[in-house]
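Residue numbers start at 1 and run along the sequence shown.
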Amino acid sequence: MKSLADSLLLYGITDRSWLNGKKLEEAVEEALSGGITMLQVREKALDFDQYVAEAKSLARLCHRYGVPLVVNDELDVALAAKADGLHVGQSDLECSRAKKELPSSMILGVSASTIEQSLQAETNGADYLGVGAVFPTSTKADASHLSPDILQSICHAVTIPVVGIGGITKENIPQLEGCGIAGVAIVSAIFAQKHIKEATEELRKEVTRCLTQ
């Protein structure tokens, strides 16, 4: 079985606004075929029932590839869909409450952008951190840009694995080499691409070369 750090290597995050007419399941299967190692489903526009149905469908798909599925923000959806985990932001559900309400078998990820937030999240039970924005990003225009030095400091400050997030592309992954991150979380460089499988394969090669060797 893969360790959590191994599963974070190439972490895809869904965004149906980039799909250009494709069904989300179709796009996710292309990304799985290309080599994503974890998937976060982020569907803020869906109501509860739709979100649970979507998460269940994507979880079945992910599990065929041995890939865990994490739900963004919505604890009730993650529980109802029997997802592998939940990811929360700093302004969403408190980490300590999420940890208390999740079964011990479920993964808890927390977003952070400072050493203080990272240490607090680890203390409150986070299993991994999503730290960023590492580069300027169009998916979160209000996110401030984090220097590689701060990213490295966060990785050294905590004992749980860290995944970099925000504006990451095949071209800028080499800039993250040596930071200590376990992987990269990517939205548009996967799901906005015309050929998702091929784009994911290229990202997998680059992230493997830069972060695991």
Side-chain angles (χ1 to χ4, degrees), residues 7-46 51 54-55 57-59 61-62 65 67-74 77-78 83-92 107 109-113 128-146 151 161-176 181-207 210-211:
S7 292
L8 292 171
L9 182 65
L10 182 53
Y11 183 136
I13 301 177
T14 68
D15 185 341
R16 70 171 61 239
S17 67
W18 293 103
L19 297 180
N20 296 316
K22 283 185 180 177
K23 291 182 178 178
L24 184 58
E25 285 75 7
E26 178 187 356
V28 166
E29 181 140 30
E30 288 186 44
L32 289 163
S33 299
I36 60 167
T37 53
M38 182 178 275
L39 182 75
Q40 182 185 136
V41 56
R42 187 164 67 184
E43 294 290 342
K44 294 180 182 294
L46 299 183
Y51 202 165
E54 188 79 274
S57 174
L58 293 179
L61 188 53
C62 285
Y65 288 83
V67 167
L69 177 113
V70 170
V71 171
N72 177 262
D73 285 350
E74 302 292 338
V77 172
D84 300 291
L86 175 73
H87 186 96
V88 295
Q90 287 291 316
S91 59
D92 304 316
I107 304 162
V110 177
S111 298
S113 57
Y128 74 91
L129 299 173
V131 174
V134 176
F135 301 106
T137 171
S138 59
T139 55
K140 284 200 172 184
D142 59 340
S144 57
H145 183 193
L146 201 68
L151 179 61
V162 172
V163 58
I165 185 170
I168 297 172
T169 64
K170 184 183 72 174
E171 288 72 25
N172 61 30
I173 285 173
Q175 297 178 45
L176 302 175
I181 56 174
V184 294
I186 292 178
V187 185
S188 61
I190 294 176
F191 290 106
Q193 304 308 304
K194 184 175 182 181
H195 301 291
I196 291 175
K197 179 176 183 290
E198 289 79 3
T200 307
E201 287 174 341
E202 291 299 316
L203 286 163
R204 178 67 181 266
K205 286 179 188 172
E206 195 66 1
V207 76
C210 292
L211 300 184

| task | Could you check whether the rings of Tyr11 and His87 sit parallel, tilted or perpendicular, using 30° and 60° as the cut-offs? | result |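 Answer is perpendicular, since the angle exceeds 60°.
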Separation of [Y] [atom2] from [X] [atom1] (nearest 0.5 Å):
X	Y	atom1	atom2	result
Phe191	Ile13	CZ	CD1	9.5 Å
Leu24	Glu54	CG	CD	5.0 Å
Leu39	Ser7	CG	OG	12.0 Å
Ile181	Leu211	CD1	CG	5.0 Å
Glu43	Glu74	CD	CD	11.5 Å
Leu129	Leu8	CG	CG	10.0 Å

If you compare all heavy atoms of [X] against all heavy atoms of [Y], which two are closest, and at what distance to 0.1 Å?
X	Y	result
Leu203	Lys170	CD2-N, 3.5 Å
Ser33	Tyr65	OG-OH, 3.3 Å
Ala199	Ala189	CB-O, 4.0 Å
Arg204	Gly35	NH1-O, 2.6 Å
Pro68	Ile107	CB-CD1, 4.5 Å
Cys210	Pro174	SG-CA, 3.7 Å

Is there a donor-acceptor pair under 3.5 Å between the side chain of Asp84 and the backbone N or O of Val70?
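Not a single qualifying donor-acceptor pair exists.
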- Query: Is the side chain of Gln40 donor-acceptor paired with the backbone N or O of Leu69 at a distance under 3.5 Å, no angle test?
  - Reply: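 No, because the side chain of Gln40 does not come within donor-acceptor range (under 3.5 Å) of the backbone of Leu69.
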### CA sep, side-chain torsions, deciding dist, call: Thr169, Phe135, side chain to side chain contact (heavy atoms under 4.5 Å, CB included)
CA-CA 9 Å; Thr169 64; Phe135 301 106; over 6 Å; no
Non-neighbouring partners of [X] that pass side chain to side chain donor-acceptor pair (under 3.5 Å), sequence neighbours left out:
X	value
Glu30	Lys22
Gln90	none
Lys44	Asn72, Asp73

* Residues in side-chain contact (heavy atoms from CB on, under 4.5 Å) with Thr200, at least two apart? ->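 With neighbours one apart ignored, the set is Leu10, Ala31, Ile36, Ile190, Ile196.
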*asked:* As a test of understanding, state which of Asp15, Ile168, Thr14 forms a side chain to side chain contact (heavy atoms under 4.5 Å, CB included) with Val187.
replied: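 With Val187 as partner, side chain to side chain contact (heavy atoms under 4.5 Å, CB included) holds for just one option, Asp15.
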### Task
State which residues pass salt bridge (charged side-chain N to carboxylate O under 4.0 Å, His left out) with Glu198; sequence neighbours excluded, sorted by chain then number.
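By the salt bridge (charged side-chain N to carboxylate O under 4.0 Å, His left out) rule, Glu198 matches no residue at all.
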key: Qualifying residues under salt bridge (charged side-chain N to carboxylate O under 4.0 Å, His left out), relative to Glu202, sequence neighbours excluded   =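 Here the qualifying residues are Lys205.
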Verdict with supporting geometry, Arg16 and Leu46, side chain to side chain contact (heavy atoms under 4.5 Å, CB included): CA-CA 11 Å; Arg16 70 171 61 239; Leu46 299 183; 4.3 Å; yes
